[in-house]
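Some notes on the structure that comes next.
Proteins get letters first, then strands, A, B, ... in listed order; numbering begins at 1 in each.
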Number of protein chains: 2
Amino acid sequence: MAKIDDVARLAKVSKGTVSNVFSQKRPTSNEVRERVMSVSRQLNYVPNHTARSLVTKKTMAIGLTIPHGSFFFSAFHTQFINGVILEASYYGYRVLLDIIPLQQVKTPFLTSYPIDGAVVMRPTTNDERINLMHMGQIPFVTVGHVMNENIEHSSSVDNDNQQIMFSICEYLMDRGHKDIMFLNANELMTVSIDRRDSFIKAMNERGLDVAEHMIHHKPDLSSSEYLDYGYEETMNILGKQKKKVTAIIADDDRTAFSVLNAIKDLNLSVPGDISIFVICGDHSMMVQSNPSLTSMDLQPSELGAQSVRILMHQLGVLPGDFAENVIVESKIIERNSCSTI
Amino acid sequence: MAKIDDVARLAKVSKGTVSNVFSQKRPTSNEVRERVMSVSRQLNYVPNHTARSLVTKKTMAIGLTIPHGSFFFSAFHTQFINGVILEASYYGYRVLLDIIPLQQVKTPFLTSYPIDGAVVMRPTTNDERINLMHMGQIPFVTVGHVMNENIEHSSSVDNDNQQIMFSICEYLMDRGHKDIMFLNANELMTVSIDRRDSFIKAMNERGLDVAEHMIHHKPDLSSSEYLDYGYEETMNILGKQKKKVTAIIADDDRTAFSVLNAIKDLNLSVPGDISIFVICGDHSMMVQSNPSLTSMDLQPSELGAQSVRILMHQLGVLPGDFAENVIVESKIIERNSCSTI
DNA sequence: TTGTACGCGTTATCAC
DNA sequence: GTGATAACGCGTACAA
């Protein structure tokens, strides 16, 4: 690989000039620029990213940490990631995927992170990843709010989880449903805590109690039940335990589909016997299902884009003030999986 | 941020010793190690990744280039990415997501890539990304074979596309289907060329011609028809043009679902009137569909893992010889979307 | 085992 | 507008 000195020598200019030609931080004369570029092409020279980073202290990359225990993305994750990538590339940033293995490694981080900031998806209570960001002084934005001790302020993007659960419950209760089962996300995620609390609150406000068997949490990846969570819970509660359930709220598309299969195997129908409401539902997947699934549009792509934008503000790439905690709109998309009883 | 000198001073050792404690490239006495680690914790010191990279010439990251024109992942991509990430993390490597915008930027790369190697998904003919890797001397592995001029040898992982198409055609023809429509992937991808050729060959060998309207290619992202490709083509050929079609081969899950919707709107049924076969079908999605969709299991996760393994060989992380071109097994998973006529 | 000088490739900061 | 030189933070020979 050719280096800057080689170019400087052949173009009969100094290193600094070559640097300026590429970085465009200072003007250069046309003549010199042409010469430098010509020699660079000839030598197949490009500035060394690492050396540049060492002095600018910018890696031009942001980290994207995928949540604990959800290694198999749902459409929500996919859309979210798309939003992040697109927005980041807009500012010249790349995205470094970051997976924290469930089994914590002995030496978590034997080196600093080669990133300028991070987007943390779906934090858990006392999320270790966030403590590390905090300690490492790495600017970060979470999707879902932070519940770590010692961390007071931090940027976040989220939907209004309380409003979401209230809307869903209201929607179902207005249609006569009282026995609503909630298949929540993994219980470690703060967003699932928010939603559970709001679910109970919404039910209580209408004078309805929530029995313990009406709320379930997705097991984590290590569990053998991970993939068939929706199926298992539905078979267990509706089939084996014969509990009365007229509506099921499913956290994501996979869970919902899994529930559909269980309902079929129980010789029940949707929405005739059971209504289904999906929280994180991708439009194209909801539509293709039979019946099509009523869901909440959480705008995952917008969540991703917004989180990057906040990060860019923190990094000083985007100027001006910015809201530390942004709420992205969400609304009900009515399809054919909920009926009135 | 504390640096290595600070630690060395406080621990009363030299820089070199601190370096050795962290890199473990040379043995150090217990006593010294303890002292260094203690001071490091106290100072919140971690080695600087960038500085380390500058001298080791390794970034410990691999690039993952997502294909042109398929910004919305299908389950195939998701599974593949999972395989890549998991396998890479096993070797201590991170994954840098790399999207090449459709609109080529004027200055494609004003800097070297901060990666040690790359996995290139679904290359196109004369894929520009591959030329860049080639020029930049970056080791890479493609998923699907390379069709670039000037590039003779290159590592790749793939399924046996010819065998796949022959198996599918045989499967359908054995059930009496002669009028098979193929909704292929984007025509730029080499894998779609392989499959198209094999499709025609398989049909011809049984004495069947393939009319032009029986093969279609997914438009690229910029097209407004991108999202509803399967729906549009089905409505057009079966509905508007009233062509005879008894079976449809869909490239991926989204296309298949989209086809299902069209068939429903045409008041036809699956598999009664039309049989459907999916090439890249995610199990959990195929199963949930009604009827469940017969598909090929391409083992995307295994494709991902294998591609990383080959890359690790190229990088010298994994010792020994290795096959340059690996074929991953694929087999038909029979479900309920194909019938005999 | 430990300490030291030097190299890695670039950018920033001065002079000119 | 351009040239020389000092950082940037770490790894690694080499000498001790």
Whole angstroms only, please: what is the [atom1]-[atom2] distance between [X] and [N]?
| X | N | atom1 | atom2 | value |
| --- | --- | --- | --- | --- |
| A:N20 | D:dT2 | CG | C1' | 9 Å |
| A:Q24 | D:dG1 | CD | P | 14 Å |
| A:K12 | D:dG3 | NZ | P | 12 Å |
| A:R35 | D:dT2 | CZ | C1' | 11 Å |
| B:R52 | D:dG9 | CZ | C1' | 11 Å |
| A:D5 | D:dG3 | CG | C1' | 13 Å |
| A:I4 | D:dG3 | CD1 | P | 12 Å |
| A:L54 | D:dA7 | CG | C1' | 9 Å |

Side chain proximity check, B:D6 to B:R9, heavy atoms < 4.5 angstrom: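 Yes - at least one pair of side-chain heavy atoms lies under 4.5 Å apart.
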Aromatic contact, B:F22 with B:Y45 (centres under 6.0 Å):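 Ring centres of B:Y45 and B:F22 closer than 6.0 Å.
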Criterion side chain to side chain donor-acceptor pair (under 3.5 Å) against B:N131, the qualifying member of B:N148, B:N150, B:N126: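 Exactly one candidate clears the test, B:N148.
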Identify whether any heavy atom of [X] sits under 4.0 Å from a base atom; if not, whether one sits that close to sugar-phosphate; answer base, sugar-phosphate or nothing.
| X | result |
| --- | --- |
| B:V18 | nothing |
| A:K15 | base |
| B:K58 | nothing |

Residue whose closest nucleotide on DNA chain D lies nearer the 5' end, B:K3 versus A:S14: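 With B:K3 and A:S14 compared, the 5'-side residue is A:S14.
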Short side-chain donor-acceptor distance under 3.5 Å, B:S53 and B:T50: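 Looking only at side-chain atoms, B:S53 and B:T50 do not form any donor-acceptor pair under 3.5 Å.
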Closest nucleotide among D:dC10, D:dG3, D:dA13 to the A:T17 side chain: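 For the A:T17 side chain, the nearest candidate turns out to be D:dG3.
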Under-4.0 Å salt bridge between A:R129 and A:D127: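 Looking at A:D127 together with A:R129, the answer is yes, because their closest N to O distance falls below 4.0 Å.
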Summary of salt bridge (Lys or Arg N to Asp or Glu O under 4.0 Å) pairs that have at least one residue in residues 301-316 of chain A, sequence neighbours excluded: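 Non-adjacent pairs meeting salt bridge (Lys or Arg N to Asp or Glu O under 4.0 Å): A:E87-A:R309.
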Chain A contact limits on DNA chain C, taken 5' to 3' with a cut-off of 4.0 angstrom to heavy atoms: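 The contact span of chain A on DNA chain C goes from C:dG9 to C:dT13.
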Residue whose closest nucleotide on DNA chain C lies nearer the 5' end, B:P27 versus A:H49: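 Result: B:P27.
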Pairwise 5' ranking along DNA chain C for B:S29 and B:K57, keeping only the more 5' one: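 The residue mapped nearer the 5' terminus is B:S29.
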Under 4.0 angstrom between B:S19 side-chain N/O and D:dG11 OP1 or OP2: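 Answer yes for this pair, as a side-chain N or O of B:S19 is under 4.0 Å from OP1 or OP2.
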CZ/A:F322: more than 12 non-hydrogen atoms of other groups inside 6.0 Å: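 For A:F322, atom CZ is crowded (more than 12 foreign heavy atoms under 6.0 Å).
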